[in-house]
Amino acid sequence: MNKVKGLISKDLLGLRELPESDLNLILKTATSMKEIFMRPIRRVPPLLAKNIITLFYEPSTRTRTSFHMAAKMLSANTTNIAVSSSSVKKGETLIDTVKNLEAMGVDAIIIRHKMAGAARLVAENIKGSVINAGDGFNEHPTQALLDIFTMQEKKGEIEGKKVVIVGDILHSRVARSNIWGLKKLGAKVTVVGPPTLMPKDIEKLGVHVSYNIDKEIKDADFVNVLRIQLERQEGGLFPSLEEYHKLFGITSARLKKAKKDIIVMHPGPLNRGVEISSEVADGPYNVILDQVTNGVAVRMAILFLLLGGKFRR
Amino acid sequence: MDILIKAGRIIDPASNFDGVSDILIQDGKIVSIKPLLKPRSKVKVIRAKDFWVLPGLIDMHCHLRDPGDPEEETIASGSLSAAKGGFTSIACMANTVPPIDTPAMVKYVKEKAKAEAKVNVYPIGAVTKGLEGKSLTEMGRMIEEGAVAFSDDGRTILNSNVLRHALEYVRQFHLPIISHCEDTGLSSGGLMNEGYFSTIWGLKGIPALAEEIMVQRDIMLAREYKAPLHIAHVSTARSVRLIRAAKEEGLKITCETCPHYFSLTDEAVDKYNTNAKVSPPLRSQKDIKAILKGLKDGTIDVIATDHAPHRLEKKNVEFASASCGMVGFETALPLVITELITKKVLSRKEAVKKLTINPARILGLHKGSLREGADADITIVDPKAQYNIDVNQFVSKSKNSPFNGRPVSGRVAYTIVGGRIVFTNA
């Protein structure tokens with residue numbers, strides 16, 4: 001592997017602030033990483049003896065496992081902090097927790113937290129790298145990067161492509177990170193969902209806002225289907241999962257009106273029969289498991305660029 | 001010791017005076033305001049040439065955290081901070097721990113103030129017991145102990161019937177209810193103003209409507225029950241319009257805003273700056289414009305600080321976990337000078353009015369004017385001093401200010417309370 005320049009920042013907190021050059025560097029590096037991933041012996045040494053910790057304050061299977069797999073393929077040591085069994089339960093502050101981890105010699109902390117800005121708070125308080133694995137409704141940059149990587153893999157250049165993001169935009173960090181990343185690459189982004197799940201002034205991010213999935217799906221190149229959280233319905237933001245499915249669910253019937261080569265994406269975990277029908281989730285247009293595979297490659301790229309390359313700072 | 005203030009520019013909106021003169025203070029009172037007074041031998045002379053000599057500033061909205069958390073603020077530290085900011089009288093809110101909701105609690109604050117305060121401290125009593133919005137406090141007995149107004153500030157009295165009774169009941173005392181307007185259903189879980197910035201930072205928004213809907217309700221109640229009502233910390237454009245219309249109708253409604261609502265927008269929350277987290281939240285540029293207009297046309301009577309000290313542990317955390325509020329005593333006057341007077345939003349006299357005689361009248365205090373026979377509460381200001389706000393220079397125990405580093409003009413040179421110099425920076 002050639003020596004790469006590395007990223008401008010020590011951290012990956014979000015795509016809003018990520019320079020376009022870094023965005024492209026990550027995507028390009030992920031291609032090489034995917035090639036390593038496809039080898040029979042999936043291990044290379046660049047992060048040998050680097051210590052990486054995943055600190056997850058919210059449940060996760062996919063993202064956390066994906067980071068562990070990525071780190072191990074680059075020969076890093078990985079530790080997982082299970083928050084329920086840590087001192088967080090004893091009232092320790094986030095800053096104290098991460099300073100303690102730093103004192104043990106950690107090179108990077110991968111954090112997921114229910115509060116927006118938590119990853120930034122950690123980054124401001126430790127010298128090591130911080131990767132945001134989702135903070136509140138703010139950002140989930142690695143998910144968006146793997147989404148974009150998958151889009152490029154399937155259809156080449158992103159510029160000018162129409163991407164429809166459908167679901168709970170208000171509470172979605174995946175939507176925000178996708179919007180920031182896709183807009184940087186020149187995609188046409190449309191967000192679709194019930195008005196109660198649409199954040200104020202979202203159109204100022206340069207996206208088109210619509211409440212009509214049937215209309216928007218017709219000329220879409222990609223439809224990225226967000227997970228609907230049950231508690232939003234309980235919070236009165238929409239009346240029932242059945243009605244949501246009827247109005248916004250991605251079904252075979254809806255896809256009949258779409259382009260022949262439309263690509264259906266979903267960050268997982270799936271609520272089959274709510275935001276996506278099983279037929280679509282397992283059908284010919286879906287790339288959901290490719291997204292999962294690419295997630296490992298993209299995370300390898302990020303870890304490599306943050307810990308293996310030199311900072312340009 | 002007697003004090004002679006020489007050749008200062010006296011600005012006294014109450015007597016509509018703006019001119020150079022001398023002031024002689026004896027036994028805690030202003031005895032003479034005339035040019036070219038001769039100093040006698042045993043008098044301290046303050047040379048105030050090029051300085052403004054103002055009635056001591058009055059802050060009708062602050063939090064002193066006593067009882068509660070002496071590491072955040074005490075009456076001693078808070079009143080020293082007020083003195084440094086040029087305030088000679090401050091009215092402290094009732095939402096302490098425990099709250100000021102009984103005559104004994106009012107007495108406690110008064111006595112504590114007598115023992116340790118640098119400036120005059122006037123307690124504001126709670127409207128409802130335990131700030132629970134249910135049953136009225138003993139307002140009459142609290143007034144006897146020194147309460148100057150009533151407020152459940154920090155919380156809204158959600159039950160309109162309870163507020164109705166409070167408004168009716170205070171009519172006999174000619175003191176206002178000070179209302180914190182927030183529809184807690186609309187603001188539920190909110191962390192900052194709802195708008196572009198809450199969307200891009202993924203923080204749950206508080207719509208301007210959460211304030212406005214309650215301003216409207218409170219105005220309607222005050223109209224119906226002919227009661228004096230003062231709206232605290234007005235932050236939105238439509239609130240200003242609603243209050244303007246109510247005043248035009250002749251209702252006994254007054255209101256205040258705070259320096260942060262005309263100096264900062266919700267953009268100050270950038271990078272999850274918890275020092276910019278405040279209730280009501282910082283709003284948009286459009287709201288600032290309306291606040292400035294409201295200050296200019298007199299809709300907004302008072303500029304209050306809403307001084308809300310918080311220890312570092314409550315601010316150096318995740319944005320959602322951080323406490324609301326910012327310290328304000330030591331930044332209020334320079335922000336008024338820099339943002340309102342220098343930028344010609346308000347004349348000197350109009351600005352000083354909102355910091356002195358207007359709050360005095362609302363609270364029924366015989367303060368806020370420089371006239372012979374009045375208490376010698378005087379603030380002397382060097383209006384030309386230019387510097388950057390530095391939280392480490394604050395004498396408040398807390399440093400939670402979003403204004404750190406901001407360039408301002410205007411510095412308090414002397415604060416005189418009852419004829420005693422309680423602060424000097426000259």
Side-chain angles (χ1 to χ4, degrees), chain A residues 11 13-17 57 88 91-99 111 113-125 132 134-141 168-177 179-180 183 191 197-207 209 231 235-237, chain B residues 183-212 236-238 265-277 281-287 310-324 402 404:
Chain A
D11 312 298
L13 302 179
L15 298 194
R16 183 168 75 90
E17 289 173 44
Y57 289 81
V88 176
E92 190 176 53
T93 68
L94 178 58
I95 294 175
D96 284 337
T97 301
V98 297
K99 283 191 168 167
I111 179 170
H113 200 287
K114 68 175 185 296
M115 295 176 189
R120 175 180 298 278
L121 186 67
V122 173
E124 285 169 353
N125 281 283
N132 183 3
D135 63 327
F137 317 145
N138 181 36
E139 288 224 39
H140 188 354
D168 178 359
I169 311 296
L170 180 62
H171 302 102
S172 178
R173 52 196 177 211
V174 175
R176 281 176 182 74
S177 285
I179 291 167
W180 296 121
K183 292 305 294 179
V191 289
L197 296 178
M198 210 49 90
K200 195 176 179 194
D201 293 341
I202 185 78
E203 66 284 353
K204 289 187 185 162
L205 273 61
V207 301
V209 179
E231 71 245 36
L237 290 164
Chain B
D183 182 317
T184 51
L186 282 169
S187 69
S188 169
L191 299 168
M192 66 174 295
N193 184 47
E194 183 177 78
Y196 172 71
F197 293 108
S198 65
T199 291
I200 69 170
W201 296 320
L203 293 170
K204 180 145 199 267
I206 300 171
L209 189 63
E211 173 174 318
E212 293 152 355
T236 85
R238 197 169 285 110
T265 66
D266 50 358
E267 193 173 1
V269 177
D270 191 20
K271 298 190 165 67
Y272 304 94
N273 180 1
T274 55
N275 284 327
K277 186 177 177 187
L282 300 173
R283 304 288 188 182
S284 69
Q285 202 62 53
K286 173 179 73 68
D287 295 301
H310 286 296
R311 50 164 96 203
L312 185 62
E313 299 93 275
K314 289 193 189 166
K315 287 290 191 180
N316 195 21
V317 291
E318 306 88 333
F319 195 85
S321 306
S323 296
C324 284
N404 193 30

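Letters A, B, ... mirror the listed sequences (proteins, then strands); counts begin at 1. Since the structure is predicted, the reported quantities are computational estimates derived from the model, not experimental observations.
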*What distance do B/Thr199 atom OG1 and A/Glu203 atom CD have between them, rounded to the nearest 0.5 Å?*
8.5 Å

*Contact origin within A/His171 toward chain B - heavy atom pairs under 4.5 Å*: neither

*Considering only heavy atoms, which portion of B/Leu191 lies under 4.5 Å from any heavy atom of chain A: side chain, backbone, both, or neither?*
neither

*Minimum-distance pair of heavy atoms, taken over all atoms of A/His113 and B/Glu318*: NE2-OE2, 3.3 Å

*For chain B, find which of A/Leu94, A/Leu205, A/Leu170, A/Asp201 contributes the most heavy-atom pairs closer than 4.5 angstrom.*
A/Asp201

*Only one of A/Arg16, A/Arg176, A/Glu139 passes side-chain contact (heavy atoms from CB on, under 4.5 Å) with B/Trp201; say which it is.*
A/Arg16

*So, do A/Ile95 and B/Asn316 sit near enough that their side-chain heavy atoms are less than 4.5 Å apart?*
yes

_Interchain contact, B/Thr274 with chain A, by part (heavy-atom threshold 4.5 Å)_ = neither

*Could you tell me which of B/Tyr196, B/Phe197, B/Phe319 has the largest number of non-hydrogen atom pairs under 4.5 Å with chain A?*
B/Tyr196

*Against chain B, label A/Leu121 side chain, backbone, both or neither, depending on which of its atoms sit under 4.5 Å from a heavy atom there.*
side chain

*If we only count heavy atoms from C-beta on, is the B/Ser198 to A/Lys200 side-chain gap below 4.5 Å?*
no

*Grab the two heavy atoms, one from B/Gly202 and one from A/Ala116, that are nearest each other, plus how far apart they are.*
O-CB, 3.5 Å

